[in-house]
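None of the values given here were measured: they were computed from a predicted structure.
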Amino acid sequence: MNVDIEKLAGGAMAERINRELQKVAENIMDPNTKADAVRTLTISIKIKPNETRQMGAAEIEVKSSLVPAKGVPTMFVFDFDKEGKAVMKELPTGNDRDQLAFNDSGHVVDGTGENVGSNKVVGMYR
């Protein structure tokens, strides 16, 4: 049997393989994706013979499985407004030592995570 992969489907298969490999390379070089995650290139050739088994229609599919961009972490705080409607705001983050924030226990902390007071903050919108 002699099937020239480079010339299969008029060269379309090789062209699609190269296109998907380019996507894989771009995904690997994207700093927003996990570096060591596996990317996959799948080549599928489906052949459906006719009743006499002398010919067969074929379909070639080339696809890549890429790694999605990493999530961007943030924090939200939730409370109720004066009318009792649920509200949320993003908790500012950063390395600013003077920035105040809430820790997981609901206490106010500075940018280093140190408590700035012993009172738990409750009802910030009331």
Side-chain angles (χ1 to χ4, degrees):
M1 178 174 321
N2 246 351
V3 176
D4 187 344
I5 300 297
E6 281 289 317
K7 295 180 182 176
L8 194 60
M13 185 172 113
E15 181 182 310
R16 290 182 183 199
I17 290 171
N18 285 327
R19 182 173 54 208
E20 293 302 313
L21 284 173
Q22 180 65 38
K23 290 179 185 178
V24 169
E26 289 170 1
N27 187 256
I28 288 170
M29 295 306 295
D30 183 346
N32 293 309
T33 63
K34 187 176 176 189
D36 60 351
V38 174
R39 282 76 169 172
T40 305
L41 183 71
T42 304
I43 302 166
S44 172
I45 303 174
K46 298 176 185 175
I47 303 170
K48 182 178 181 186
N50 64 8
E51 284 292 322
T52 63
R53 300 173 193 240
Q54 294 178 347
M55 293 181 63
E59 183 175 305
I60 299 169
E61 182 179 70
V62 180
K63 62 182 176 180
S64 55
S65 296
L66 305 176
V67 175
K70 297 182 223 174
V72 180
T74 192
M75 295 283 286
F76 289 98
V77 291
F78 306 92
D79 205 341
F80 293 99
D81 65 12
K82 293 177 184 176
E83 289 80 39
K85 182 178 172 185
V87 293
M88 63 186 268
K89 286 200 174 225
E90 183 177 18
L91 180 66
T93 58
N95 295 329
D96 183 357
R97 294 178 59 88
D98 297 324
Q99 177 67 49
L100 298 180
F102 295 105
N103 66 12
D104 290 340
S105 301
H107 292 91
V108 178
V109 296
D110 65 16
T112 65
E114 294 294 317
N115 281 336
V116 294
S118 60
N119 294 331
K120 187 173 180 180
V121 175
V122 177
M124 65 181 188
Y125 291 103
R126 293 180 191 180

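When side chains are defined from C-beta on, Lys34 counts as touching Asp36, because their heavy atoms get closer than 4.5 Å. Between Thr40 and Val38 there is a side-chain heavy-atom pair separated by less than 4.5 Å.
In Arg16, the CZ atom is not crowded: 12 or fewer heavy atoms of neighbouring residues, nucleotides or ligands sit closer than 6.0 Å.
Panel note: side chain Asp4, backbone Leu8; no donor-acceptor pair is recorded below 3.5 Å. In this structure, Arg53 contributes its side chain and Glu51 its backbone to no donor-acceptor pair below 3.5 Å.
The line from CZ of Arg39 to CD of Glu26 is 12.0 Å long, rounded to the nearest 0.5 Å. Residue Phe76 holds its CZ atom at 5.5 Å from CD of Glu90, rounded to the nearest 0.5 Å. Residue Glu6 holds its CD atom at 8.0 Å from CD1 of Ile17, rounded to the nearest 0.5 Å.
In the hydrophobic cluster analysis, where Ile, Leu, Val, Met, Phe, Trp and Tyr join through side-chain heavy atoms closer than 4.5 angstrom, Ile5 is grouped together with Leu21. Neither Ile43 nor Val24 shares a network with the other; the hydrophobic side chains, linked directly or stepwise wherever heavy atoms of I, L, V, M, F, W or Y lie under 4.5 Å apart, form separate groups for each. Hydrophobic clustering (ILVMFWY, side-chain heavy atoms < 4.5 Å, transitive): Ile47 and Met13 are in one cluster.
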Identify all side-chain donor-acceptor contacts of residues 56-70 below 3.5 Å with residues at least two apart in sequence or on another chain.
from: Ser64; atom 1: OG; to: Glu20; atom 2: OE1; distance (Å): 2.5

